[in-house]
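In what follows, a structure is listed as structure tokens, so that the remarks can point back to it.
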Protein chains: 2
Amino acid sequence: MDIKIALEDVSLDLLFEKYEGKFKALADKKRLHILNILTQNGSMCVCDIEPIIEMTQSKLSYHLKILLDAGLIEKEARGTWSYYHVNQKELNALLSEQFCCLFKPPGCC
Amino acid sequence: MDIKIALEDVSLDLLFEKYEGKFKALADKKRLHILNILTQNGSMCVCDIEPIIEMTQSKLSYHLKILLDAGLIEKEARGTWSYYHVNQKELNALLSEQFCCLFKPPGCC
DNA sequence: TTAATAAATCAATATAATTTGATTAACAAC
DNA sequence: GTTGTTAATCAAATTATATTGATTTATTAA
């Protein structure tokens with residue numbers, strides 16, 4: 001019985017760790033802005049996001065990587081270009097309906 | 001027309017700032033654990049949370065303050081004791097149904 | 001009044017995340 | 001080939017967060 005409780009504690013801890021990572025990725029207004037831009041424009045390459053968000057290339061790459069590692073966006077490489085788009089399934093699973101207008105496809109609100 | 005766009009940008013930025021704060025509060029596994037404990041036990045004083053989460057008093061106070069400032073929990077002072085409970089309305093507004101079992105009252109899943 | 005308890009705060013340290021500018025690798029156009 | 005472009009990565013500096021242990025304030029109990 002003690003073992004069962006211990007195992008539950010471990011898996012609960014892993015769960016908290018998993019969500020910690022996802023919320024960390026969301027816990028930055030620049031990254032929320034990036035998600036919003038990708039939501040509105042669908043798939044975009046880094047050089048097209050850059051002028052909209054007014055961010056240097058290396059900084060933007062850094063933030064895109066954080067969103068990517070958290071599974072909130074997905075990447076598709078085409079030649080020298082990297083195209084990013086929102087992982088809608090993941091965002092739907094995390095966030096309430098309230099975020100529909102911000103991070104969910106146009107027409108949902 | 002330019003002014004309208006500018007104003008929208010400002011209010012969008014304020015919105016991102018608001019959610020940044022809330023996601024920052026969620027972006028820590030210890031705080032997710034605190035939320036989970038409060039969800040399961042309803043209203044609790046600091047000294048009752050302390051042994052469950054195995055955290056020093058000052059550390060716990062620090063994390064409770066972050067959750068409180070983000071509006072994710074609420075506080076009620078009774079004498080020397082401070083009782084904290086989850087702000088269910090706020091969590092419902094932020095998080096998807098998936099979190100029902102973790103941060104929403106027992107019986108919801 | 002004195003002693004004990006609850007919880008917030010403080011200052012110092014430690015740890016982590018972000019920004020910056022430069023460099024690199026991969027590809028495309030000439 | 002050489003040149004220009006895209007985007008990732010790196011190391012250093014900066015900034016933000018978290019942890020620790022001590023102190024403080026308020027309240028309660030003896």
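Every chain is numbered from 1, with letters handed out A, B, ... down the list of sequences.
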How far does [atom1] of [X] sit from [atom2] of [Y], to the nearest 0.5 angstrom?
X: A/K65; Y: A/Y84; atom1: NZ; atom2: OH; answer: 8.5 Å
X: B/I34; Y: B/L60; atom1: CD1; atom2: CG; answer: 5.0 Å
X: B/H33; Y: B/M55; atom1: NE2; atom2: CE; answer: 8.5 Å
X: B/D28; Y: A/E17; atom1: CG; atom2: CD; answer: 11.0 Å
X: A/C45; Y: A/Y83; atom1: SG; atom2: OH; answer: 4.5 Å
X: A/Q40; Y: A/L35; atom1: CD; atom2: CG; answer: 11.5 Å

Does the side chain of [Y] come within less than 4.5 Å of [X]'s, by heavy atoms?
X: B/T39; Y: B/L102; answer: no
X: B/I66; Y: B/L72; answer: no
X: B/K89; Y: B/N92; answer: no
X: B/F103; Y: B/V86; answer: no

Under 3.5 Å, which protein N or O atoms sit close to an N or O of nucleotides 15-21 of chain D? Give each pair with its distance.
| residue | atom | partner | partner atom | Å |
| --- | --- | --- | --- | --- |
| D/dT17 | OP1 | B/K24 | NZ | 2.7 |
| D/dA18 | OP1 | B/R31 | NH1 | 3.2 |
| D/dA18 | OP1 | B/R31 | NH2 | 3.1 |
| D/dA18 | OP2 | B/Y62 | OH | 2.7 |
| D/dT19 | OP1 | B/K30 | NZ | 3.1 |
| D/dT19 | OP2 | B/H63 | NE2 | 2.6 |
| D/dT20 | OP2 | B/K59 | NZ | 3.2 |
| D/dG21 | O6 | B/S58 | OG | 3.2 |

Quiz prompt | Under the side chain to side chain contact (heavy atoms under 4.5 Å, CB included) test, residues paired with B/S96 that sit two or more places apart | solution = B/Q98, B/F99

Self-check item: A/K30 NZ: over 12 foreign heavy atoms closer than 6.0 Å
Solution: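 It does: A/K30 NZ has more than 12 such atoms within range.
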
Quiz prompt | 5' to 3' contact window, DNA chain C with chain B (heavy-atom distance under 4.0 Å) | solution =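 The contact span of chain B on DNA chain C goes from C/dA6 to C/dT9.
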
Quiz item: Residues from residues 34-44 of chain B sitting under 4.0 Å of DNA chain C, heavy atoms only?
Solution: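 Nucleic-acid contacts, sorted: none.
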
Exercise. Name every residue in residues 79-88 of chain A that has at least one heavy atom under 4.0 Å from any atom of DNA chain C, in order of residue number, or write none if there are no such residues.
Key: A/G79, A/T80

Quiz item: Quantified as the angle between the terminal helix axes (five pairs each), what is the overall bend of the helix from C/dT1-D/dA30 to C/dC30-D/dG1 to 10 degrees?
Solution: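 Axis angle across the helix from C/dT1-D/dA30 to C/dC30-D/dG1, nearest 10°: 20°.
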
Practice problem: Specify the closest pair of heavy atoms between B/S82 and B/K75, including all atoms of both residues, with the distance to one decimal. | Solution: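 In terms of heavy atoms, the two residues are closest at OG-CE, 3.7 Å.
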
Exercise. Mind calculating the distance between CG (A/L64) and C1' (D/dA8) to the nearest angstrom?
Key: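 From A/L64 CG to D/dA8 C1': 11 Å.
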
Quiz item: Is any side-chain N of the basic residue among A/R31 and B/E20 closer than 4.0 Å to the acidic one's carboxylate O?
Solution: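 Salt bridge flag = no for B/E20 with A/R31.
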
Quiz item: Does any N or O in the side chain of A/N41 come within less than 3.5 Å of the main-chain N or O of A/I37, such that one atom is a donor and the other an acceptor?
Solution: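 Yes, the answer is positive, given that a donor and an acceptor are paired below the 3.5 Å cut-off.
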
